[in-house]
Amino acid sequence: MKEFLSYVDKHHNIIYRTLIYAIAFTGMRPGEAVALKYEDVDLEKKVIHINKTVYAKKSIRGYFELTPPKTAGSIRSVDNDDIVVEKLKQLYKWREYREWAKSDFVFGDKEGIPPIVKMLNQTVRRIGALTDINKQFRTYILRHTHISLLAEAGVDLNFIMNRVGHKNSDQQRRFICMLHLGCAWPLLRGCMISLLSCWKCEDKNGDTNFLKSISTFKLLWFIYLY
């Protein structure tokens with residue numbers, strides 16, 4: 001993450017720089033972050049109130065609507081990291097200095113319009129491609145990395161669930177799987193290699209290794225997709 005953020009710091013667009021930091025350090029969904037308004041962010045108390053998301057049927061700049069977040073449990077308040085508070089203050093000063101149009105949106109551009117989530121995802125991918133990290137980047141990786149770092153630090157599971165807006169038991173089961181099998185992708189690659197090498201192989205009991213491998217592949221693929 002440090003390497004990725006070092007390239008984020010070099011990105012020319014302050015909106016995207018700040019937005020990426022906000023997602024990476026709070027675990028917000030991209031749509032939730034883009035939908036933030038000034039009234040949702042308390043820099044003094046270092047708290048962000050999440051109560052809506054952006055819905056854009058077409059990825060056209062300015063064509064969107066604000067809707068309730070993904071689930072009722074997604075309405076929440078999260079503590080804000082000092083580094084994000086500082087980034088937001090810099091963004092506010094930049095907007096004032098540049099005399100950008102007044103906007104209710106924290107991440108509104110010079111005309112007050114928040115970015116398209118699809119463009120944010122493309123920006124994350126381009127920045128990720130500059131690093132030596134052998135992984136395809138997408139915006140949700142920032143959220144999942146935030147979750148993983150909290151889990152590795154020994155933070156209580158229920159606290160993490162509440163922080164990222166998960167409530168129901170099905171989500172919790174998938175969440176636990178993700179935490180305990182965070183290395184799913186390397187295993188997936190191994191399964192795919194096995195599928196190719198064991199197409200007609202049989203073990204000592206006469207069972208087809210190919211069928212065993214594909215069963216394992218299905219399980220890990222489900223976990224990875226979450």
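When reading the values below, keep in mind they use all heavy atoms of this one structure, side chains included, and skip hydrogens, waters and symmetry mates.
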Engineer: Output the distance between atom CD1 (Ile160) and atom CG (Leu149), rounded to the nearest 0.5 Å.
Structural biologist: 10.0 Å
Engineer: Can you confirm whether Val78 sits close enough to Val164 that some side-chain heavy atom of one is under 4.5 Å from a side-chain heavy atom of the other?
Structural biologist: no
Engineer: Kindly say whether Asn158 contributes a backbone atom to a donor-acceptor pair with the side chain of Asn162 at under 3.5 angstrom?
Structural biologist: yes
Engineer: So, applying side-chain contact (heavy atoms from CB on, under 4.5 Å) with Phe25, which one of Val85, Leu5, Asp79, Asp82 is it?
Structural biologist: Leu5
Engineer: Between Phe105 and Met119, is there shared hydrophobic-cluster membership here, with clusters defined by ILVMFWY side-chain heavy atoms closer than 4.5 Å?
Structural biologist: yes
Engineer: Within the side chain of Arg143, is there an N or O that forms a donor-acceptor pair under 3.5 Å with the backbone of Met28?
Structural biologist: no
Engineer: Return the OG1 to CG distance between Thr18 and Leu91, rounded to the nearest 0.5 Å.
Structural biologist: 4.5 Å
Engineer: Over all heavy atoms of both residues, which pair between Gly31 and Thr53 is shortest? Give the atoms and the distance, please.
Structural biologist: C-OG1, 3.2 Å
Engineer: Run the side-chain contact (heavy atoms from CB on, under 4.5 Å) test on Leu66 and Lys37 for me, step by step, so that the C-alpha distance in whole Å, both residues' side-chain angles and the decisive distance to 0.1 Å come before the verdict.
Structural biologist: CA-CA 11 Å; Leu66 299 179; Lys37 294 186 175 183; 3.7 Å; yes
Engineer: Assigning hydrophobic clusters by single linkage (Ile, Leu, Val, Met, Phe, Trp, Tyr; side-chain heavy-atom cutoff under 4.5 Å), is Trp94 placed with Tyr92?
Structural biologist: yes
Engineer: Can you pull out every salt bridge (Lys or Arg N to Asp or Glu O under 4.0 Å) where at least one residue sits in residues 95-104? Sequence neighbours excluded, please.
Structural biologist: none
Engineer: Measuring only between side-chain heavy atoms, which start at C-beta, is Leu120 closer than 4.5 Å to Ile20?
Structural biologist: yes
Engineer: Any heavy-atom pair between the side chains of Arg61 and Glu111 that's under 4.5 Å?
Structural biologist: yes
Engineer: Phe4 and Phe137: aromatic ring centres closer than 6.0 Å?
Structural biologist: yes
Engineer: Mind checking the OG-CD1 spacing from Ser103 to Ile113? Nearest 0.5 Å is all I need.
Structural biologist: 8.5 Å
Engineer: Taking the side chain as every heavy atom from C-beta outward, state whether Lys52 and Asp40 have any pair of such atoms under 4.5 Å apart.
Structural biologist: yes
Engineer: Quick one: are the ring centres of Tyr16 and Tyr21 less than 6.0 Å apart?
Structural biologist: no
Engineer: Could you tell me whether the side chain of Asp109 reaches within less than 4.5 Å of the side chain of Pro115, counting heavy atoms only?
Structural biologist: no
Engineer: Does Glu3 reach the main-chain N or O of Asp132 with its side chain, forming a donor-acceptor pair under 3.5 Å?
Structural biologist: yes
Engineer: So, Arg163 and His146: side-chain donor and acceptor under 3.5 Å apart, yes or no?
Structural biologist: yes
Engineer: Between His11 and Thr123, does a side-chain contact (heavy atoms from CB on, under 4.5 Å) hold up when you go through it step by step?
Structural biologist: CA-CA 9 Å; His11 194 268; Thr123 300; 3.6 Å; yes
Engineer: For a quick test of reading the model, state the closest non-hydrogen atom pair linking Ile23 to Pro30 and the distance between them.
Structural biologist: CD1-CA, 3.9 Å
Engineer: Are Lys89 and Leu43 side-chain neighbours, meaning at least one heavy-atom pair lies under 4.5 Å?
Structural biologist: yes
Engineer: Let me confirm one number: the CZ-CG distance from Phe107 to Leu19, rounded to the nearest 0.5 Å.
Structural biologist: 5.0 Å
Engineer: Closest heavy-atom contact between Phe64 and Ala56?
Structural biologist: CB-CB, 4.2 Å
Engineer: Answer yes or no: is there an ion pair linking Lys46 with Asp81, defined by an N-O contact shorter than 4.0 Å?
Structural biologist: no
Engineer: Do you see a donor-acceptor pair shorter than 3.5 Å between the side chains of Arg125 and Thr139?
Structural biologist: no
Engineer: Would a hydrophobic clustering, with Ile, Leu, Val, Met, Phe, Trp and Tyr connected at side-chain separations under 4.5 Å, put Leu130 with Ile133?
Structural biologist: yes
Engineer: Distance from Ile50 atom CD1 to Ile48 atom CD1, nearest 0.5 Å?
Structural biologist: 6.5 Å
Engineer: Does Tyr97 share a hydrophobic cluster with Ile14, counting links as ILVMFWY side-chain heavy atoms below 4.5 Å and allowing steps through other members?
Structural biologist: no
Engineer: With a cut-off of under 6.0 Å to the ring centre and 45° to the axis, is Lys10 in cation-pi contact with Tyr7?
Structural biologist: yes
Engineer: Do you reckon Ile15 sits in the same ILVMFWY cluster as Ile83, going by side-chain contacts under 4.5 Å, direct or chained?
Structural biologist: yes
Engineer: Going by heavy atoms in the side chains, are Glu32 and Leu36 under 4.5 Å from each other?
Structural biologist: no
Engineer: I need the Ser77 OG to Asp42 CG distance, nearest 0.5 Å.
Structural biologist: 10.0 Å
Engineer: Flag the pair Ser74 / Arg29 as yes when at least one side-chain heavy-atom distance between them is below 4.5 Å, and no otherwise.
Structural biologist: yes
Engineer: Check this for me: does any side-chain nitrogen of one of Arg17 and Asp9 sit under 4.0 Å from a carboxylate oxygen of the other?
Structural biologist: no
Engineer: Locate the shortest heavy-atom distance separating Val106 from Leu88; write the atom from each residue and the value.
Structural biologist: CG1-CD2, 3.8 Å
Engineer: Looking only at heavy atoms, which two atoms of Ala101 and Gly112 are closest? And how far apart?
Structural biologist: CB-N, 4.3 Å
